[in-house]
Amino acid sequence: MFNTPVAISFTLLLSFPLIFLFAPQIFPSKHVDISIPDELDDLALFRRATLASIDGIGGAISRLGTTNPRMKIAFLFLTNTDLHFAPLWDRFFAGHDGRFNIYIHADPSARILRPGGRVFKGRFIAAKRTQRASPTLISAARRLMATALLDDPLNSYFALVSQHCIPLHSFYFIYNSLFTSQFPEYQSFIQILSNESYMWDRYVARGERAMLPEVPFDRFRFGSQFFVLTRRHALVVIRDRRLWRKFKMPCLNNDSCYPEEHYFPTLLSMEDPKGCTHYTLTHVNWTESVDGHPRTYLPSEISPELIYKLRESNSTYSHMFARKFSPDCLKPLMKIVDNVIFRD
């Protein structure tokens, strides 16, 4: 018969496998993990999109047999709730067929009602689970870009927006601004900042040396996760493997872990800083943030004056989109859509 100490030790030894088996249920992870099958699915998608674009947009266009094709904007909707502003977007896109494509990544773990309207029909892509402040948002954005690259060689700009975003101008104004001389010629509109006070805390969130040698601290950047990228830079994003291996690592300090706000500006700053404007076209109000979320505008605040104010920027350009709006803002927004929002 075993004595008591031996029996206790033997019991603990046998319990280790059970601890590993049930630990995720007993101590749930704060973040949704990216599984190996999901990662392999993404790599296959990225590879197909890269190969399809291997000759660049010029090579792709030449196979269409037209000498003057019309370039398009790919609108990439990243959401984990219903697209509450679908009627507003539907009005935005009306009459502009052939100048845009829509792609929607909707978290499959959420019960999302697919919007009515012709422009959104059949535009949902194969999606994976997402969670704020985790690498899953990076994966979702890359998945959207790869799908858009593969789908249409005429997609020339890739605008990432959320379900809380609204347009601040007409489609005609935004399209002509991107494809004319108002903006720097064919650059990506992505915010890239380097001197924010919290940068070091976020850099060491995975460990003090975890990002080395690929990302030294002086190359680490911050920016809004909503941007408008050129086709060239969308390809840079889906081809990347080196930085992705670093940014997908789990954080030790989850309070300072926001990989979706660092991966894209860091990557493009390292690959092609002169090809980026370093500012975003999406207005976000962080002055009254709550729990890490930006200011949410309410129905009582919707007015022509608010739209005019949100368009303003610190530079000579106008903001094209804005967030974050509560779902019940739809009705007052629709009242001013034609006379204010789409009157440029």
Side-chain angles (χ1 to χ4, degrees), residues 23-43 45-46 76-81 103-112 125-147 160-165 190-191 193 196 198-208 210-211 214-215 220-227 229 237-238 240-268 280 282 284 286 289-294 296 323-324:
Q25 285 75 35
I26 300 171
F27 306 106
S29 173
K30 180 180 178 181
H31 295 308
V32 174
D33 294 325
I34 300 173
S35 68
I36 293 177
D38 285 353
E39 182 88 353
L40 292 176
D41 284 348
D42 284 346
L43 288 173
L45 172 64
F46 300 162
L76 315 177
F77 287 83
L78 179 57
T79 183
N80 60 0
T81 66
Y103 307 89
I104 305 169
H105 186 289
D107 188 328
S109 68
R111 294 185 178 181
I112 295 176
I125 74 167
K128 312 291 184 183
R129 285 190 65 189
T130 56
Q131 188 176 48
R132 180 175 174 267
S134 82
T136 59
L137 288 178
I138 301 174
S139 292
R142 297 175 85 199
R143 210 171 287 131
L144 280 163
M145 283 184 235
T147 303
L160 186 67
V161 294
S162 80
Q163 73 272 34
H164 302 293
C165 284
I190 178 171
Q191 185 179 45
L193 303 174
E196 304 304 298
Y198 44 74
M199 292 289 281
W200 176 251
D201 287 341
R202 293 193 178 192
Y203 180 75
V204 300
R206 299 164 189 81
E208 190 163 335
M211 302 298 286
E214 287 83 357
V215 187
F220 189 61
R221 297 292 183 266
F222 164 80
S224 168
Q225 69 181 100
F226 299 101
F227 43 68
L229 299 188
V237 168
I238 67 164
D240 172 61
R241 304 290 182 270
R242 193 169 62 98
L243 265 62
W244 169 240
R245 285 195 293 267
K246 293 295 185 179
F247 280 93
K248 73 175 181 178
M249 292 190 302
C251 288
L252 303 176
N253 179 9
N254 286 324
D255 292 334
S256 296
C257 190
Y258 297 92
E260 71 276 17
E261 295 180 353
H262 295 278
Y263 172 75
F264 298 103
T266 299
L267 173 64
L268 294 179
T280 179
T282 300
V284 185
W286 287 104
S289 62
V290 178
D291 295 329
H293 293 276
T296 298
R323 61 185 296 268
K324 181 175 181 181

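Computation of the quantities below employed the complete heavy-atom set of this structure, encompassing side-chain atoms and omitting hydrogens, waters and symmetry-equivalent molecules.
- Rounded to the nearest 0.5 Å, atoms CG (Asp38) and OG1 (Thr136) are 10.5 Å apart.
- Annotation: salt bridge (Lys or Arg N to Asp or Glu O under 4.0 Å) contacts of Glu39 (sequence neighbours excluded): Lys248.
- A side-chain N or O of Asn80 and one of Gln163 form a donor-acceptor pair less than 3.5 Å apart.
- In terms of heavy-atom proximity, Lys128 sits nearest to Asp41 at NZ-OD2, 3.2 Å.
- Note that the OG atom of Ser224 and the CD1 atom of Ile190 stand 8.5 Å from one another [nearest 0.5 Å].
- At a threshold of 4.5 Å between non-hydrogen side-chain atoms, the residues Arg323 and Thr282 count as touching.
- Contacts of Glu214 classified as salt bridge (Lys or Arg N to Asp or Glu O under 4.0 Å), with partners at least two apart in sequence or in another chain: Lys246.
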What do the steps show when you test Trp200 against Glu208 for side chain to side chain contact (heavy atoms under 4.5 Å, CB included), and what is the final call? CA-CA 9 Å; Trp200 176 251; Glu208 190 163 335; 4.0 Å; yes
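- Applying the side-chain hydrogen bond (donor to acceptor under 3.5 Å, both in side chains) criterion to Tyr263, with sequence neighbours excluded, gives Asp240.
- In this structure, Phe220 and Tyr203 have perpendicular ring planes: the angle between them is above 60°, well past the 30° mark.
- Rounding to the nearest 0.5 angstrom, the gap separating the SG atom in Cys257 from the CG atom in Asp201 is 12.5 Å.
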Start with the C-alpha gap between His105 and Thr130, add the side-chain angles, then the distance that decides, and say whether side chain to side chain contact (heavy atoms under 4.5 Å, CB included) holds. CA-CA 10 Å; His105 186 289; Thr130 56; 3.7 Å; yes
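- Under a cut-off of 6.0 angstrom, the local environment of CG in Leu40 is crowded, with over 12 non-hydrogen atoms contributed by other residues, nucleotides or ligands.
- Annotation: side chain of Tyr103 is not in contact with side chain of Phe77 (no heavy-atom distance under 4.5 Å).
- In terms of heavy-atom proximity, Arg206 sits nearest to Pro259 at NH2-CB, 3.5 Å.
- Annotation: side chain of Leu78 is not in contact with side chain of Val161 (no heavy-atom distance under 4.5 Å).
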Please evaluate residues Phe222 and Tyr258 with respect to the criterion ring-ring contact (aromatic ring centres under 6.0 Å, His included), reporting the C-alpha separation (whole Å), side-chain torsions for both, the decisive distance (0.1 Å), and the verdict. CA-CA 10 Å; Phe222 164 80; Tyr258 297 92; 9.0 Å; no
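- Checked by atom type and distance alone, the side chain of Glu260 pairs as donor or acceptor with a backbone atom of Ala133 at under 3.5 Å.
- At a threshold of 4.5 Å between non-hydrogen side-chain atoms, the residues Leu267 and Val237 count as touching.
- For Arg129, there are no salt bridge (Lys or Arg N to Asp or Glu O under 4.0 Å) partners at least two apart in sequence or on another chain.
- With hydrogens and angles ignored, the 3.5 Å screen pairs no side-chain donor or acceptor of Ser256 with any backbone N or O of Asn253.
- Between Thr81 and Ile112, every side-chain heavy-atom pair lies at or beyond the 4.5 Å cut-off.
- A donor-acceptor pair is defined here as one N or O able to donate and one able to accept, closer than 3.5 Å; no such pair exists between the side chain of Ser162 and the backbone of Thr79.
- The two residues Pro265 and Gly223 have their closest heavy-atom pair at CG-N, 3.6 Å.
- With rounding to the nearest 0.5 Å, the separation of CG in Leu193 from CE in Met199 is 7.5 Å.
- Contact annotation: the side chain of Phe247 approaches that of Val215 to within less than 4.5 Å [non-hydrogen atoms, C-beta and beyond].
- Across Phe226 and Thr280, no two heavy atoms sit closer than the pair O-OG1, 3.0 Å.
- More than 12 heavy atoms of other shown residues, nucleotides or ligands fall within 6.0 angstrom of atom CZ in Arg241.
- Going from atom CG of Leu268 over to atom CG of Leu229 covers 6.0 Å, rounded to the nearest 0.5 Å.
- Side-chain contact check for Lys324 versus Val284: every heavy-atom pair is 4.5 Å or farther apart.
- To the nearest 0.5 Å, atom CD of residue Glu196 and atom CZ of residue Arg221 are 11.0 Å apart.
- Applying the salt bridge (Lys or Arg N to Asp or Glu O under 4.0 Å) test to Arg143 and every residue at least two apart in sequence or in another chain returns Asp42.
- Remark: Arg202 pairs with Glu261, His262 by the side-chain hydrogen bond (donor to acceptor under 3.5 Å, both in side chains) rule, at least two apart or across chains.
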Step by step, would you call Arg142 with Phe46 a side chain to side chain contact (heavy atoms under 4.5 Å, CB included)? CA-CA 8 Å; Arg142 297 175 85 199; Phe46 300 162; 3.6 Å; yes
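- Side-chain contact between Leu76 and Met145 is present, with at least one heavy-atom pair separated by less than 4.5 Å.
- Here the side chain of Asp107 pairs a donor or acceptor atom with the backbone of Ser109 at under 3.5 angstrom.
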